[in-house]
Amino acid sequence: MRRRIVVLLSATLLTVGIAVPASAATAADFGGVWTSTDAVDGSSQALIVVPTGAQRARVILIDAGASVCGGSPLTPALGTGRGAVSGEEMTVTYRLICLNGSPSSTPTVVYTLQPDDTLTEDVSATVWSH
């Protein structure tokens with residue numbers, strides 16, 4: 001009886017157009033290898049996301065020419081960090097190492113999962129895809 005009421009209530013809500021909230025993203029939704037062209041400096045980038053829990057991930061960033069490292073031509077950089085997923089966003093604080101010996105930095109980047117299965121980041125207009 002209880003199950004019937006829940007089913008009828010759900011059907012009624014959908015019929016009258018009340019949206020049932022979508023479930024939030026998990027680390028698995030961000031998992032995998034993502035690539036992009038940096039919107040700031042045009043360098044090629046790769047992002048490797050390995051889920052370590054429902055809302056946590058290990059993240060590796062490889063940037064073929066990081067403008068934050070200075071130099072001409074641009075210098076490659078490697079970033080490692082832990083991601084925390086909340087809603088449709090994953091926040092990562094990196095330890096970014098410039099491969100030219102420039103000082104390392106600890107930038108924080110927020111990646112937003114888009115409905116078209118891409119990521120956008122808050123630092124730039126860069127779009128990441130699988």
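Only this structure's heavy atoms are used, side chains among them; waters, hydrogens and symmetry mates stay out.
Here the CD1-OG1 distance, from Ile62 to Thr35, works out to 11.5 Å after rounding to the nearest 0.5 Å. Rounding to the nearest 0.5 angstrom, the gap separating the OG atom in Ser104 from the CG atom in Leu96 is 8.0 Å. One distance of note links CG of Leu119 with CG of Asp29; it measures 10.5 Å at 0.5 Å rounding. A distance of 6.0 Å separates CD in Glu89 from OG1 in Thr91, rounded to the nearest 0.5 Å. With rounding to the nearest 0.5 Å, the separation of CH2 in Trp128 from OG1 in Thr120 is 12.0 Å.
Two residues are said to be in side-chain contact when any heavy atoms from C-beta on lie closer than 4.5 Å; Phe30 and Val85 meet this criterion. Put simply, the side chain of Val49 reaches to within 4.5 Å of the side chain of Met90, judged on heavy atoms. Between Arg82 and Arg56, every side-chain heavy-atom pair lies at or beyond the 4.5 Å cut-off. Within the 4.5 Å cutoff, the side chain of Leu47 has heavy atoms near those of the Tyr111 side chain. In this structure, the side chains of Thr126 and Thr37 stay at 4.5 Å or more apart for every pair of heavy atoms. Using a 4.5 Å heavy-atom threshold, the side chains of Thr80 and Val59 count as separate.
Thr52 is linked by a side-chain hydrogen bond (donor to acceptor under 3.5 Å, both in side chains) to nothing, counting only residues two or more places apart in sequence or in another chain. Scored by the side-chain contact (heavy atoms from CB on, under 4.5 Å) test, Val40 finds Asp38, Ser67, Ser124 as partners (sequence neighbours excluded).
In this structure, Asn100 contributes its side chain and Thr75 its backbone to no donor-acceptor pair below 3.5 Å. Judged purely by atom type and a 3.5 angstrom limit, Ser43 uses its side chain to pair as donor or acceptor with the backbone of Gly65.
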Full working for side-chain contact (heavy atoms from CB on, under 4.5 Å) between Thr106 and Tyr94: CA-CA 5 Å; Thr106 55; Tyr94 289 102; over 6 Å; no
Could you check Val92 against Thr108 for side-chain contact (heavy atoms from CB on, under 4.5 Å), going step by step and ending with a plain yes or no? CA-CA 6 Å; Val92 181; Thr108 298; over 6 Å; no
